[in-house]
Amino acid sequence: MSEKTEISIWFFCGILMLAYGVVLIATGIMEFNHPPANEVLLPFLKELHPTLWWGVFLTAVGGFYSVVFRPGKQ
């Protein structure tokens with residue numbers, strides 16, 4: 001008899017955060033050379049590149065959650 005195991009919802013949250021983080025990192029890197037035409041950010045935020053840093057944060061947290069809550073881990 002095979003035993004069914006449930007997959008944690010946090011694993012899926014981690015995968016989703018990881019995917020969004022990678023997209024935001026790519027967007028943040030592209031914004032270095034080609035800034036958006038209609039800049040909505042406050043002037044002092046433009047220099048800090050919040051898109052890139054938020055992408056790095058989401059990638060790190062998503063990677064952590066994906067590893068810690070991966071299926072099959074006992």
Side-chain angles (χ1 to χ4, degrees):
M1 296 185 69
S2 79
E3 203 174 298
K4 291 189 176 185
T5 59
E6 293 182 8
I7 299 175
S8 174
I9 188 69
W10 296 111
F11 173 72
F12 290 111
C13 290
I15 294 295
L16 187 62
M17 283 190 283
L18 187 62
Y20 280 140
V22 169
V23 169
L24 285 175
I25 286 175
T27 303
I29 290 172
M30 286 177 25
E31 285 181 358
F32 273 111
N33 295 330
H34 307 287
N38 294 331
E39 189 63 48
V40 181
L41 295 174
L42 298 174
F44 63 90
L45 284 179
K46 186 177 180 181
E47 301 295 324
L48 296 175
H49 303 285
T51 305
L52 179 65
W53 290 112
W54 186 243
V56 169
F57 175 74
L58 279 178
T59 302
V61 172
F64 174 76
Y65 273 67
S66 298
V67 169
V68 171
F69 297 106
R70 69 184 179 270
K73 184 180 176 198
Q74 296 293 337

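Keep in mind it's a predicted model, so treat the numbers as computed, not measured.
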Under a single-linkage definition using a 4.5 Å side-chain heavy-atom cutoff for Ile, Leu, Val, Met, Phe, Trp and Tyr, are F57 and F32 assigned to the same hydrophobic cluster? no
Honestly curious: do M17 and V22 fall in one hydrophobic cluster under the side-chain, below-4.5 Å linking rule?
no
same_hphob_cluster(V23, I25) at 4.5 Å side-chain heavy-atom cutoff: no
| query | Under 6.0 Å from the OH atom of Y20, do we count more than 12 heavy atoms belonging to anything else shown? | reply | no
Same cluster or not: F64 versus V61, using hydrophobic residues (I, L, V, M, F, W, Y) connected whenever any side-chain heavy atoms lie under 4.5 Å apart?
yes
Between T59 and L18, is any pair of side-chain heavy atoms under 4.5 Å apart? yes
Membership question, hydrophobic clusters at under 4.5 Å side-chain separation (ILVMFWY): are Y65 and I7 in the same one? yes
Between W53 and L48 the two heavy atoms that sit nearest each other are CD1-O, 3.0 Å
Closest heavy-atom pair, F69 versus F11, reported as atoms and distance to 0.1 Å, is O-CB, 3.2 Å
Minimal heavy-atom distance between L58 and L24, with the atoms involved, is CD1-CD1, 3.8 Å
Scanning both residues in full, the closest heavy-atom pair of G14 with S66 reads C-OG, 3.3 Å
*asked:* In the structure I gave you, are the side-chain heavy atoms of L16 and F12 within less than 4.5 Å of one another anywhere?
replied: no
